[in-house]
Amino acid sequence: MVKPIIYLDYNSTTPVDKRVLDAMLPFLTENFANPSSTHLFGISVNEVVKDSRALVAELIGAEQGEIVFTSGSTEAINIALKGVAENYSTKGKHIVTVATEHLAVLDTCKFLETRGYELPIYL
Ligand SMILES: Cc1ncc(COP(=O)(O)O)c(C=O)c1O
């Protein structure tokens with residue numbers, strides 16, 4: 001008998017919620033366009049992205065301008081760490097992380113080290 005598999009790595013990936021799939025399907029099949037494009041299809045889906053941003057902002061009590069959609073965690077981590085590091089670079093250039101962090105974090109911190117940030121890694 002095959003033992004049932006219990007998947008515990010939801011940090012890595014999760015199944016798509018059926019409600020999300022249903023909402024996304026038209027934009028993955030027929031109404032696809034680059035929302036940054038200036039043609040009619042792009043403008044049309046850009047409105048949908050704006051509506052989605054407004055919904056997410058309302059859901060978590062944020063401003064719409066604070067919501068940034070990314071393709072995944074590595075991109076989000078890069079934007080967050082590099083953005084915060086640069087924004088606070090006049091206050092200090094010391095980054096604290098731990099060796100058990102995901103490579104997406106460690107690699108970004110190592111990149112920042114090449115830009116003059118101090119990076120002691122605590123175990
Ligand atoms: C904790 C953690 N951070 C970052 C990532 C990188 O995610 P992505 O593959 O979406 O860039 C993962 C992926 O497994 C992860 O588990």
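Just so it is clear, the model here is predicted, and its values are computed rather than measured. Basis for what follows: all heavy atoms, side chains included, without hydrogens, waters or symmetry-related copies. Whatever order the structure lists them in is the order used to number ligands and atoms, beginning at 1.
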Note to self: Looking at ligand 1, would Asp9 count as a contact under a 4.0 Å heavy-atom criterion?
What the structure shows: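 False for this residue.
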Next item on the list: For side-chain hydrogen bond (donor to acceptor under 3.5 Å, both in side chains), just list the numbers for Glu101 and Thr97, CA-CA rounded to whole Å, side-chain angles, deciding distance to a tenth of an Å, and then say yes or no.
Entry: CA-CA 7 Å; Glu101 263 296 358; Thr97 187; 4.7 Å; no
What protein heavy atom lies closest to [atom]? Include the residue and the distance to one decimal.
atom                    : value
atom 11 (O) of ligand 1 : Thr74 OG1, 2.5 Å
atom 10 (O) of ligand 1 : Ser73 N, 2.9 Å
atom 12 (C) of ligand 1 : His102 NE2, 3.1 Å

### Task
Check for a donor-acceptor pair, side chain of Ser44 on one end and backbone N or O of Leu40 on the other, with a separation under 3.5 Å.
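Not confirmed, Ser44 side chain does not pair with Leu40 backbone.
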- Query: With no hydrogens and no angle check, is any side-chain donor or acceptor of Glu66 less than 3.5 Å from a backbone partner on Glu63?
  - Reply: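 Yes, Glu66 side chain to Glu63 backbone: donor-acceptor pair under 3.5 Å.
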### Message
Please check if the number of heavy atoms outside Phe41 that lie under 6.0 Å from its CZ is greater than 12.
### Response
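12 or below, so no.
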Problem - Pair Val45-Phe32, side-chain contact (heavy atoms from CB on, under 4.5 Å): steps then yes or no - result: CA-CA 8 Å; Val45 295; Phe32 62 94; over 6 Å; no
Under 4.0 Å, heavy atoms only, figure out whether ligand 1 is touched by the backbone of Val105, its side chain, both or neither.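 Looking at Val105 and ligand 1, no heavy atom falls under 4.0 Å.
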Suppose I only count heavy atoms of Asn11 and a 4.0 Å limit; which atoms of ligand 1 are within that range?
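The atoms of ligand 1 under 4.0 Å from a heavy atom of Asn11 are 15 (C), 16 (O).
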Q: Run the numbers for me: atoms of ligand 1, each under 4.0 Å from some heavy atom of Gly72, listed by number.
A: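 Listed by number with element: 10 (O).
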query: What's the verdict on salt bridge (charged side-chain N to carboxylate O under 4.0 Å, His left out) for Glu47 and Lys50, showing C-alpha distance, side-chain angles and the deciding distance?
result: CA-CA 5 Å; Glu47 288 303 314; Lys50 281 184 191 166; 3.5 Å; yes
Backbone or side-chain N or O of Glu75 under 3.5 Å from ligand 1 N or O: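 Looking only at distances, the answer is no, because the N/O contact criterion of under 3.5 Å is not met.
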